[in-house]
Amino acid sequence: MGEAGLQTRDLTYQAGAARLVDLPDLRLSPTGTTVIMGPNGAGKSLVLRLFHGLIRPDTGEIMLAGRGLDAGLRGKQALVFQKPVLLRRSARANLDFVLKARGLPRDRTPALLEQVGLAAHGERPARRLSGGEQQRLAIARALATDPEMLLLDEPTASLDPAATLAIERILGEVKAAGVKLILVTHDLGQARRMADEVVFLARGRVVEQGPAEAFFAGPETEAARAYLAGRLDALVEE
C-alpha cells in the first residue's frame with residue numbers, strides 16, 4: 001500500500017449521540033501484520049468496516065498510500081469476516097464467480113484452492129465444508145482479488161486449534177508474499193504469534209500502539225495491562 005501505509009485524519013463514527021469510533025491520527029505500519037485488540041465493544045469490527053469503506057465515517061477521512069480512500073484503493077483490499085458467507089455452489093465455483101466478476105482468468109482457481117489446502121475439495125458444495133475449510137475458502141476468495149491489504153475480523157474465533165493453525169500458516173505465507181495484514185482477534189496466543197504491531201482500542205479510541213514485542217513484554221497503560229492479565233474490568237465496556 002505504499003510507504004505511507006494506512007492513516008486516519010479526524011475520523012469519527014457515531015450511532016445517534018454515541019461516538020463509537022474516534023481516531024484523530026492513527027498511522028499503521030505499511031508492512032507486516034497489525035493486530036487490533038481490545039475488550040468487547042471497543043469498536044474493532046467497526047474500524048475494519050470503516051477501513052474497507054463498508055460504512056462511512058461521520059467526520060474525517062482514511063488515507064491509503066497518501067490518498068483518500070476511493071473505489072480504486074478499496075479494490076486493492078479484501079475483507080474476511082468471522083463467519084464466511086459462501087455461495088450455494090461448489091468451492092471451485094465460489095472462486096470462479098469472484099474471478100469472473102473482477103475480469104480475472106478463471107484458470108487461477110486450481111492454484112488458489114491449492115494455496116489454502118482445498119485442492120481435493122473443489123467440487124464439494126461450499127456449505128458442506130467444515131468450518132475451518134469454509135474459512136480457508138473465504139480467504140482464497142479474498143486472495144483471488146490480488147489484494148495489497150487483507151483485513152480479517154476474528155477469522156478463527158469459532159475454530160478448533162488445528163483449523164486455527166492451518167489458517168495462521170496460510171496468513172503467514174500471505175504476509176511473506178508482501179500483503180499487509182490487519183487482524184482483529186481476541187486470541188492472545190494468536191496475537192503473540194502473528195503480530196508485528198499492536199493497536200489496543202477501548203471505547204473506540206487508541207489507548208496504546210506499538211511494536212508487538214514491546215507491547216506484550218510491558219504494556220504502558222493500565223487498560224492494556226489489565227486486558228492481558230484477563231481482569232474482568234478490562235473485558236467489559238460501559
Side-chain angles (χ1 to χ4, degrees), residues 5-52 55 57-60 62 79-83 135 149-161 163-165 167-168 171-172 175 180-238:
L6 183 149
Q7 67 182 94
T8 65
R9 291 181 179 175
D10 301 319
L11 187 77
T12 66
Y13 179 78
Q14 296 193 187
R19 180 167 292 185
L20 303 181
V21 175
D22 188 357
L23 302 176
D25 185 24
L26 173 65
R27 298 168 185 262
L28 301 186
S29 169
T31 60
T33 300
T34 297
V35 166
I36 300 177
M37 305 176 66
N40 290 335
K44 302 179 295 297
S45 295
L46 283 176
V47 166
L48 277 196
R49 284 156 176 75
L50 286 164
F51 287 172
H52 197 47
I55 55 177
D58 289 287
T59 65
I62 298 163
L79 174 60
V80 176
F81 295 96
Q82 178 179 341
K83 295 182 179 180
Q135 193 62 287
M149 178 180 289
L150 183 59
L151 313 175
L152 304 115
D153 191 1
E154 298 196 61
T156 63
S158 60
L159 303 182
D160 64 29
T164 295
L165 181 59
I167 286 175
E168 289 183 7
L171 295 179
K175 181 180 80 167
K180 169 67 182 179
L181 303 181
I182 302 179
L183 170 68
V184 166
T185 183
H186 277 104
D187 184 336
L188 292 180
Q190 182 172 79
R192 291 176 185 273
R193 291 189 296 271
M194 298 195 65
D196 298 299
E197 172 185 48
V198 172
V199 175
F200 185 81
L201 296 181
R203 296 179 174 86
R205 295 169 174 82
V206 176
V207 174
E208 190 166 343
Q209 178 181 4
E213 185 175 358
F215 177 82
F216 289 115
E220 298 178 354
T221 62
E222 174 58 25
R225 287 193 291 270
Y227 182 83
L228 293 181
R231 285 181 13 213
L232 293 180
D233 60 338
L235 301 176
V236 178
E237 289 282 341
E238 298 179 355

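Being a predicted model, the structure only gives us computed values, none of them experimental.
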Main chain of [Y], side chain of [X]: is a donor-acceptor contact present, judged purely on distance under 3.5 Å?
X: Thr221; Y: Ala224; answer: yes
X: Arg9; Y: Asp25; answer: no
X: Arg225; Y: Pro219; answer: yes
X: Thr8; Y: Leu23; answer: yes
X: Gln135; Y: Gln82; answer: yes

Distance in Å, [X] [atom1] paired with [Y] [atom2], rounded so as to fall on 0.5 Å steps:
X: Ile36; Y: Gln209; atom1: CD1; atom2: CD; result: 9.5 Å
X: Ile62; Y: Gln7; atom1: CD1; atom2: CD; result: 11.0 Å
X: Leu181; Y: Glu197; atom1: CG; atom2: CD; result: 12.0 Å
X: Leu79; Y: Met149; atom1: CG; atom2: CE; result: 12.0 Å
X: Thr164; Y: Arg193; atom1: OG1; atom2: CZ; result: 7.5 Å
X: Leu152; Y: Met194; atom1: CG; atom2: CE; result: 7.5 Å

Identified side-chain contact (heavy atoms from CB on, under 4.5 Å) counterpart of Leu201 within the set Val47, Leu26, Val21: Val47
Reference residue Leu150; test side-chain contact (heavy atoms from CB on, under 4.5 Å); the match among Leu183, Ile182, Leu171: Leu171
Trace of the side chain to side chain contact (heavy atoms under 4.5 Å, CB included) decision for Glu154 with Gln190: CA-CA 10 Å; Glu154 298 196 61; Gln190 182 172 79; over 6 Å; no
Quick check: closest heavy atoms across [X] and [Y], and the distance to 0.1 Å?
X: Pro57; Y: Tyr13; value: CA-CD1, 4.4 Å
X: Ala42; Y: Ala202; value: CB-CA, 4.0 Å
X: Phe200; Y: Pro39; value: CZ-CD, 4.0 Å

Check: [Y] and [X] side chains under 4.5 Å, non-hydrogen atoms:
X: Asp196; Y: Lys175; answer: yes
X: Pro211; Y: Phe216; answer: no
X: Lys180; Y: Ser29; answer: yes
X: Arg203; Y: Asp22; answer: no

Phe51/Leu28 under side chain to side chain contact (heavy atoms under 4.5 Å, CB included): CA gap, chis, key distance, verdict: CA-CA 12 Å; Phe51 287 172; Leu28 301 186; 4.1 Å; yes
Check against side chain to side chain contact (heavy atoms under 4.5 Å, CB included), Glu208 and Val198: CA-CA 8 Å; Glu208 190 166 343; Val198 172; over 6 Å; no
Pair Glu222 + Arg231: basic N to acidic O under 4.0 Å: yes
Charged N-O contact under 4.0 Å between Arg19 and Asp58: no
Result of checking His52, Lys83, Arg49 against Asp153 for side-chain hydrogen bond (donor to acceptor under 3.5 Å, both in side chains):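 Answer after filtering His52, Lys83, Arg49: Arg49.
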Other residues, nucleotides, ligands: >12 heavy atoms within 6.0 Å of Glu220 CD: no
Residue pairs, two or more places apart or on separate chains, that pass salt bridge (charged side-chain N to carboxylate O under 4.0 Å, His left out) and touch residues 37-46: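 Applying salt bridge (charged side-chain N to carboxylate O under 4.0 Å, His left out) to every pair that reaches into residues 37-46, excluding sequence neighbours, yields nothing.
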